[in-house]
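Report on the structure given below.
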Amino acid sequence: MELRQLRYLVAVVDEGGFTRAAARLHLAQPGLSAQIRQLEKELGQALLDRSGRSVTPTEVGRAVLPYARAALAAADAVRQTVDAHTGLLRGKVTLGLVSGATGHAFDVAALLADFHAAHPALEIALTEDTSERMQAALLAGEIDIALLGPTTEETPPGLSYRTVIDAPLGAAVAPGDPLLDPAGRAAVPVAELRGRPLICLPRGTGVRAALERGCARAGFRPRVAFEAASPPVLAQLAARGLGVAVLPLGEEGSGGGGGLRALRLVGDGLRARIVLARPAAGPAGPAARALLQRLDDALPDVAGNAGAGDAGAGSPV
């Protein structure tokens, strides 16, 4: 019996089949099946029921699984203990990133490249999603750390936030838009967006949540005509005169020209905030803790940061 066979068994049960398990393990499916059958032959019992649409453990398999998981955990603990004494980090760490979160404020790719150079044995996974889904993934333990725009005014229980960007929302419009009258105005009340076609990030993002809250407090629902996950695309649509793009101030110039003018939106809660989010108790593994420390050291620190359960500086988006 080999540890890798136990790892294969656990993967097949967790994934409910050989195809998904093989993809997760980066193996060919026939080789994976052969290893499981070899383990079953050695033990003299079938561990998996292959008769249904999904593969499930047999009664013997269910009895064996806790010991297989314990053996794998013990082996990982041995490896981590040795690595801790040699200063080597292994394993995998997953960083979530909301699309367009960083803008031009910091270079996540360069930061991760430097971290990988310092810890070459560590696997780093970067995943993009909406802030709402990443908050749920953090709470479920599916990702370790995230850069996201909070979608609620209170930090969700179980999470901790550190604000790295806090900027007012702006209305980006093409030349000649009525919002630019009178000439020279720098700000516009959010109420003036009533009935206007708006261009914004999708639901589940912090900017969209802030817009909807601000409009609700002004007594109306925003009319979102176009959605896109990337701020440069929003700016391009606004430059074509298709509506008013709602963006953090400074992002309106990311669409490749078009002569857009930006006006600060005036209203309650109309701010775009990006936070470095992590479980309230901190990441579980040493690899994730090391990456969090690197991010904490490298990313800007906005005064009045929110901790777990604290709304923090400004109005979170």
Say you draw a straight line from [atom1] of [X] to [atom2] of [Y]; how long is it, rounded to the nearest 0.5 Å?
X      : Y      : atom1 : atom2 : result
Gln38  : Leu43  : CD    : CG    : 10.0 Å
Asp129 : Leu97  : CG    : CG    : 10.5 Å
Leu234 : Leu260 : CG    : CG    : 10.5 Å
Phe220 : Leu193 : CZ    : CG    : 5.5 Å
Leu9   : Arg69  : CG    : CZ    : 8.5 Å
Leu27  : Gln35  : CG    : CD    : 8.5 Å

Is it true that atom [atom1] of [X] has more than 12 heavy atoms of other residues, nucleotides or ligands lying nearer than 6.0 Å?
X      : atom1 : result
Arg194 : CZ    : yes
Glu59  : CD    : no
Arg24  : CZ    : yes

Indicate the atoms forming the closest heavy-atom contact of [X] with [Y], along with that distance.
X      : Y      : answer
Ala229 : Pro202 : CA-CD, 4.0 Å
Ala239 : Ala174 : O-CB, 4.1 Å
Val190 : Gly214 : CG1-O, 4.0 Å
Thr163 : Arg273 : OG1-NH1, 2.6 Å
Pro279 : Leu159 : CA-CD2, 4.2 Å
Leu270 : Ala210 : CD2-O, 3.6 Å

Side chain proximity check, [X] to [Y], heavy atoms < 4.5 angstrom:
X      : Y      : value
Leu292 : Leu276 : yes
Ile36  : Phe18  : yes
Glu123 : Val93  : no
Asp144 : Leu291 : no
Pro197 : Leu242 : no
Gln29  : Thr19  : yes
Thr58  : Leu48  : no
Val244 : Ile199 : no

SB check [X] [Y] (cutoff 4.0 Å):
X      : Y      : answer
Asp14  : Arg7   : no
Asp296 : Arg289 : no
Glu212 : Arg203 : yes
Arg217 : Glu153 : yes
Arg185 : Glu192 : yes

Is there a donor-acceptor pair under 3.5 Å between the side chain of [X] and the backbone N or O of [Y]?
X      : Y      : value
Arg223 : Arg196 : no
Ser131 : Gly149 : yes
Arg62  : Pro57  : yes
Asp177 : Leu180 : no
Arg20  : Glu15  : yes

Practice task
Any chance you could lay out the side-chain contact (heavy atoms from CB on, under 4.5 Å) test for Met1 and Leu39, step after step, and finish with the verdict?
Solution key: CA-CA 6 Å; Met1 183 188 312; Leu39 177 62; 3.8 Å; yes

Problem - Sequence-distant partners of Glu2, side-chain contact (heavy atoms from CB on, under 4.5 Å), two or more places apart - result: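 By the side-chain contact (heavy atoms from CB on, under 4.5 Å) rule, Glu2 matches Arg4, Gln5.
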
Handout entry: Given Glu132, Gln135, Arg213, the one that forms side-chain hydrogen bond (donor to acceptor under 3.5 Å, both in side chains) with Thr151
Key = Gln135

Problem - CA sep, side-chain torsions, deciding dist, call: Val98, Leu201, side-chain contact (heavy atoms from CB on, under 4.5 Å) - result: CA-CA 11 Å; Val98 67; Leu201 296 172; over 6 Å; no

Exercise for the section: Please lay out, stage by stage, how Phe115 and Leu295 fare under the test side-chain contact (heavy atoms from CB on, under 4.5 Å). Expected result: CA-CA 9 Å; Phe115 184 74; Leu295 291 167; over 6 Å; no

Fill in the blank from the handout: Tested for side chain to side chain contact (heavy atoms under 4.5 Å, CB included) against Leu169, the lone hit among Val266, Val246, Leu249 is Val246

Problem - Criterion side-chain contact (heavy atoms from CB on, under 4.5 Å) on Leu95 and Ile143, from CA distance to verdict - result: CA-CA 6 Å; Leu95 173 67; Ile143 59 177; over 6 Å; no

